[in-house]
Amino acid sequence: MKKAIINLLLMVIAIIQLYPLVWMVFLSLKSNSEIYGGGSMGFPRSLRWDNYISAMQTGNVLRYTCNSLVITASAVLLSTLLASMAAYSITRMRWRYSGWVMMIFLMGIMVPSQAVILPIYLILQRAGLYNTQPGLVIVYLVFALPTAIFILSGFLKSLPVELEEAAALDGAGILYIYHRVILPLTRPALSAVMVFTFLSCWNEFMYSFILLDKETLRTLTVGLLAMKGQYYTNWGAMAAGLTIAALPTLAVYLCFSKNIQQSFVAGAVKG
């Protein structure tokens, strides 16, 4: 009886969590007249697939999605590579100022992103990177590194040093040990870092809105805002754009969910 009650409660919680996503899909298949007529919560009376066509053609959702994918993928790959190298050098190598360097990186977690908008804007403008995708990638990279280094450093501390010592006795160098020994062992943590970085970059709005002024360079979050008109808004098409924006997030999480769970429990139990 106790197990059945727990399962029932978990099912209720799952339904509550999933309903907003289901409601968004239903809303994307409705017309404005049906939405304003009191039918915004239930199943659509007629499936309006043309809302997706309107979102991709009129709202340029396809172009904005490609822009977001390019920027987010670049930030994820660069931050994962640099964070893994920095975490390995800080936690596994012995040098004088490793603790201070780690402290400097962790201080980046405490700095609110809203507090450095003006300095970042001025720096990118003087460097000629304002209104460019590489400039936004650099900003995302800077904000992703502290958290990524923190997660990877904690994971690396749980790995036995004997693995690296054995590889060193066989004549392996630092780069070989990092590439052949460390990276395969840190796949769960790397997956978690990639997912967290992807979510933060994909859903980011403030910096993409400020640093990208060209319409052709807009990310998906800014492009969806442009679909809202002053006097008229096609809510079905906007919901269709939101549904398209949610698909990559769901796909990434479903692909890496097991690795994320492994990264959280790694090092929790030591023999």
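Residues L185 and V181 share a closest heavy-atom pair of CG-O, 3.2 Å. Of all heavy-atom pairs spanning F205 and L225, the tightest one is CZ-CD2, 3.4 Å. Nearest heavy atom pair, residue A239 against residue M24, reads CB-O, 3.9 Å. Taking both residues in full, the closest heavy atoms of L145 and S79 are given as CD2-O, 3.8 Å, listed atom of the first, atom of the second, then distance. The shortest non-hydrogen separation linking A168 to I177 is N-CD1, 4.2 Å. Counting all heavy atoms, side chain and backbone alike, S89 lies closest to W95 at O-NE1, 2.8 Å.
Counting only distance, with no hydrogens or angles, the side chain of W202 and the backbone of A245 share a donor-acceptor pair below 3.5 Å. Proximity of a side-chain donor or acceptor of S68 to a complementary backbone N or O of T65 within less than 3.5 Å is not detected. Between the side chain of S153 and the backbone N or O of I149 there is at least one donor-acceptor pair closer than 3.5 Å. Within the 3.5 Å criterion, the main-chain N or O of V25 finds a donor-acceptor partner in the side chain of S28.
Taken together through direct or relayed side-chain contacts under 4.5 Å among Ile, Leu, Val, Met, Phe, Trp and Tyr, V70 and V252 form parts of separate hydrophobic clusters. In the hydrophobic cluster analysis, where Ile, Leu, Val, Met, Phe, Trp and Tyr join through side-chain heavy atoms closer than 4.5 angstrom, L118 is grouped together with L129. Put simply, I244 and L21 are part of the same group of oily side chains (I, L, V, M, F, W, Y) that touch within less than 4.5 Å, one to the next. Connection of F198 to L250 is established within a shared hydrophobic cluster, with ILVMFWY side chains joined at heavy-atom distances below 4.5 Å, either directly or through further cluster members. Residue V116 is not grouped with residue I123 when hydrophobic side chains (ILVMFWY) are merged at heavy-atom distances under 4.5 angstrom, including chains of intermediate members.
Ring geometry for Y207 against F143 counts as tilted: the plane angle lies between 30° and 60°, on a 0 to 90° scale. The aromatic rings of Y178 and Y88 sit tilted, their planes meeting at an angle between 30° and 60°.
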side-chain contact (heavy atoms from CB on, under 4.5 Å), that's the test. Do S208 and T221 meet it? Break it down for me. CA-CA 8 Å; S208 59; T221 52; 3.8 Å; yes

Show, in sequence, the C-alpha distance, side-chain angles and deciding distance for L27 and L242, and conclude whether the side-chain contact (heavy atoms from CB on, under 4.5 Å) test is met. CA-CA 10 Å; L27 195 68; L242 292 171; over 6 Å; no

Begin from the C-alpha positions of L124 and V139 and carry the test side-chain contact (heavy atoms from CB on, under 4.5 Å) through to its verdict. CA-CA 9 Å; L124 292 182; V139 174; 3.7 Å; yes

With side-chain contact (heavy atoms from CB on, under 4.5 Å) as the test, would you mind laying out the steps for I71 and C201 before giving the verdict? CA-CA 8 Å; I71 295 173; C201 297; over 6 Å; no

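Remark: the E215 side chain and the Y64 side chain contain an N/O donor-acceptor pair separated by less than 3.5 Å. No hydrogens or angles considered: nothing links the side chains of Y140 and S74 as a donor-acceptor pair under 3.5 Å.
Heavy atoms from other residues, nucleotides or ligands lying under 6.0 Å from CE of M93 number more than 12. Heavy-atom contacts from other residues, nucleotides or ligands closer than 6.0 Å to CE of M102 number more than 12. Few gaps surround OH on Y130; more than 12 heavy atoms of other groups in view lie less than 6.0 Å from it. The number of heavy atoms from other shown groups lying within 6.0 Å of CG (L169) is above 12.
From T91, atom OG1 reaches atom CG of L152 across 9.0 Å, with rounding to the nearest 0.5 Å. In this structure, CE in M238 is found 12.0 Å from CG in N51, a value given to the nearest 0.5 Å. The distance from atom CG of L78 to atom OG1 of T197, rounded to the nearest 0.5 Å, is 11.0 Å. I210 CD1 to N131 CG: the interatomic distance, rounded to the nearest 0.5 Å, is 12.5 Å. Between the CG atom in L156 and the CD1 atom in I151 there is a gap of 12.0 Å [rounded to 0.5 Å]. Interatomic distance, T72 OG1 to L77 CG, rounded to the nearest 0.5 Å: 10.5 Å.
You'll find the side chain of I90 reaches within 4.5 Å of the side chain of F105, heavy atoms only. Within the 4.5 Å cutoff, side-chain heavy atoms of L136 are placed close to those of T219. Annotation: side chain of F196 is not in contact with side chain of T147 (no heavy-atom distance under 4.5 Å). In this structure, the side chains of N67 and L220 stay at 4.5 Å or more apart for every pair of heavy atoms.
Under the rule for a salt bridge (Lys or Arg N to Asp or Glu O under 4.0 Å), R180 has no partner lying at least two apart in sequence or in another chain. Q57 is linked by a side chain to side chain donor-acceptor pair (under 3.5 Å) to nothing, counting only residues two or more places apart in sequence or in another chain. By the side chain to side chain contact (heavy atoms under 4.5 Å, CB included) test, V161 pairs with R92, E165, sequence neighbours left out.
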